[in-house]
Amino acid sequence: ATAMTRWMFPYILFMSLVACAAGVLNTYERFAVPAATPTLLNIAFIAFSLWLAPHLAQPIWALVAAVLLGGAAQLAIQVPALAKIGMLPRWSGLRASARDPAVRRILLLMGPAVFSVSVAQIAIVINTNIASHLATGSVSWISYADRLMEFPTALLGVAFGTVLLPSLSRAYAAEQADEYSRLLDWGLRLTCLLALPAAIGLGLSAEAMVAVLYQGGKFTARDVAQTAPALAGYAIGLLGLIAVKILAPAFYSRQDMKTPVTIGLASLAVTLAGNAALVPWLAHVGLTVSISLGALANAGLLLWVLRRRGIYRPRADWALFFAKLLLPLAALAALLWFANSRFDWVAMQSTPLLRVAWMSGTIGAAVAVYFGLLFALGFRPRDFLLRTK
């Protein structure tokens, strides 16, 4: 592990440059390339696992090579996009940039921002350490559940945050308080519309998803039984995990880094308190529930501060919005509960294709019921289009 870590260190440089380039492209509203870039790492993993690993004495080293190539490929694909908007760095301008007051201000703002991100990493390190003292396999069960939880978090939260930050920054710079509030309202409504059914789906279909995607080989029925509750624990806080991606940029766009840091520390305290209370009772599942409680606290405090300072003024029809959501969410939950109670997903391992078909059909039916009821209740896609002024 030490040797592989040393070889993979250049990936840090690649990803730092990729993040910088993505920030520039997102500012210019070129969202497609930054959004597609991470897939190159996955492609490298798959390709090297299939074609390089069988030829190595220690096949795991194929993934080390995949990390390095994947990092280089992610940076390489950004270069033409930067060139197209005339934003490739010029070495002759480095000295002048170092003296620029705006650059120095950004460097000062980065300190609290780095610390804010570190709070989340500290929570992960602490929880991983606690899990390593629990039953054998706890770290893996949490990791597998985390992979499934990260899918809607990245798909929704990162996408919303990426789109909102440049628009919020422009509205703040132009002193358009109403526009600023409207943008936040758009992000939060769309988050509720998509994150709530995703949370219900993860929670009620946890066993089905874990069994279909992971069960086989050394991933046994016991592993399914231990991973599924961990995924359900993450589902509790999915709304908070995604909402933070909407609410934190509201502070970043105003160059306020200290408030998210302070609230992040408070959410870390909630997570640690949850660990102390829940791990003795729920073991590794308590760790995922604690993460959820911390995320909900983080989002709730960010929202409270935004409203208290008058930065965000929600529209008056939020109560009606939630009331209209209840029926589709209830129907979605009822359908998933009924379907999952009728199948023994673990026992269906002997018929994997049939199991995939049933799970896909169940999820497809749930999606159709949810969005069908939304449409019947008057929701339309055009109502959620982001229109910037």
Side-chain angles (χ1 to χ4, degrees), residues 1-22 33-79 117-118 120-155 157-159 202 209-220 222-224 226-228 230-231 234 241 284 287-288 291 349 352 356:
T2 302
M4 287 190 291
T5 301
R6 288 171 177 161
W7 274 99
M8 289 189 293
F9 262 126
Y11 185 75
I12 297 175
L13 174 62
F14 288 137
M15 294 316 297
S16 299
L17 294 172
V18 166
C20 182
V33 172
T37 295
T39 62
L40 296 176
L41 179 63
N42 296 328
I43 292 172
F45 275 140
I46 295 169
F48 279 54
S49 296
L50 291 175
W51 297 316
L52 180 59
H55 303 288
L56 300 179
Q58 291 180 298
I60 190 64
W61 281 91
L63 297 186
V64 175
V67 167
L68 293 173
L69 182 65
Q74 289 181 78
L75 179 59
I77 199 175
Q78 305 266 27
V79 173
V117 174
S118 299
Q121 298 304 313
I122 290 169
I124 292 173
V125 171
I126 292 173
N127 279 16
T128 302
N129 186 271
I130 294 173
S132 69
H133 292 84
L134 302 176
T136 301
S138 295
V139 174
S140 296
W141 298 329
I142 292 174
S143 177
Y144 283 119
D146 178 77
R147 291 300 89 199
L148 291 177
M149 179 273 294
E150 288 287 351
F151 179 71
T153 303
L155 188 67
V158 175
L202 283 181
M209 293 182 181
V210 171
V212 170
L213 295 174
Y214 295 140
Q215 188 183 8
K218 295 184 179 181
F219 198 97
T220 64
R222 177 173 178 266
D223 295 315
V224 174
Q226 297 296 334
T227 304
L231 178 58
Y234 277 132
L241 290 166
H284 70 285
L287 295 172
T288 64
I291 290 290
Q349 183 185 5
V356 169

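Only heavy atoms go into these numbers, but all of them, side chains included; no hydrogens, no water, no symmetry mates.
- When the side chain to side chain donor-acceptor pair (under 3.5 Å) test is applied to Ser140, no partner is found at least two apart in sequence or on another chain.
- Ser49 approaches Pro54 most closely through the heavy-atom pair O-CD, 3.8 Å.
- Scanning for side chain to side chain contact (heavy atoms under 4.5 Å, CB included) contacts around Ala131 gives Ser138, Val139, Ile142, Leu287, with sequence neighbours left out.
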For residues 37-48, tabulate all N or O donor-acceptor pairs below 3.5 Å that involve a side-chain atom, not counting sequence neighbours.
residue	atom	partner	partner atom	Å
Thr37	OG1	Val33	O	2.6
Thr39	OG1	Ala36	O	2.6

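- Judged as a ring-ring contact (aromatic ring centres under 6.0 Å, His included), and not counting sequence neighbours, the contacts of Tyr214 are Tyr144, Phe219.
- Applying the side chain to side chain donor-acceptor pair (under 3.5 Å) criterion to Gln215, with sequence neighbours excluded, gives Gln349, Arg355.
- In plain terms, the two heavy atoms of Val18 and Gln74 that are nearest each other are CG2-C, 3.7 Å.
- The side chain to side chain contact (heavy atoms under 4.5 Å, CB included) check on Pro10 picks up Phe14, Leu68, with sequence neighbours excluded.
- One finds the CG atom of Asp146 at 7.0 Å from the CD1 atom of Ile124 (value rounded to the nearest 0.5 Å).
- Looking at every heavy atom in both residues, Pro152 comes nearest to Leu202 through CG-CD1, 3.9 Å.
- Scored by the side chain to side chain contact (heavy atoms under 4.5 Å, CB included) test, Met8 finds Met4, Val64, Val67 as partners (sequence neighbours excluded).
- Residues satisfying the side chain to side chain donor-acceptor pair (under 3.5 Å) criterion with Asp223, sequence neighbours excluded, are Trp141, Thr220.
- In this structure Phe151 satisfies the ring-ring contact (aromatic ring centres under 6.0 Å, His included) test with no other residue, sequence neighbours excluded.
- For Ile12, the side chain to side chain contact (heavy atoms under 4.5 Å, CB included) criterion is met by Phe9, Ser16, not counting sequence neighbours.
- Remark: Leu56 CG to Leu63 CG distance equals 10.0 Å, nearest 0.5 Å.
- Annotation: side chain to side chain donor-acceptor pair (under 3.5 Å) contacts of Trp61 (sequence neighbours excluded): Gln58.
- Separating the CD1 atom in Ile126 from the CD1 atom in Ile122 is a distance of 6.5 Å, to the nearest 0.5 Å.
- Here the side chains of Thr288 and Met149 are not in contact, with every heavy-atom distance at 4.5 Å or above.
- Although no hydrogens or angles enter the test, the distance criterion places a donor-acceptor pair under 3.5 Å between the side chain of His284 and the main chain of Gln226.
- Nearest heavy-atom pair across Leu52 and Ala65 is CD2-CB, 4.2 Å.
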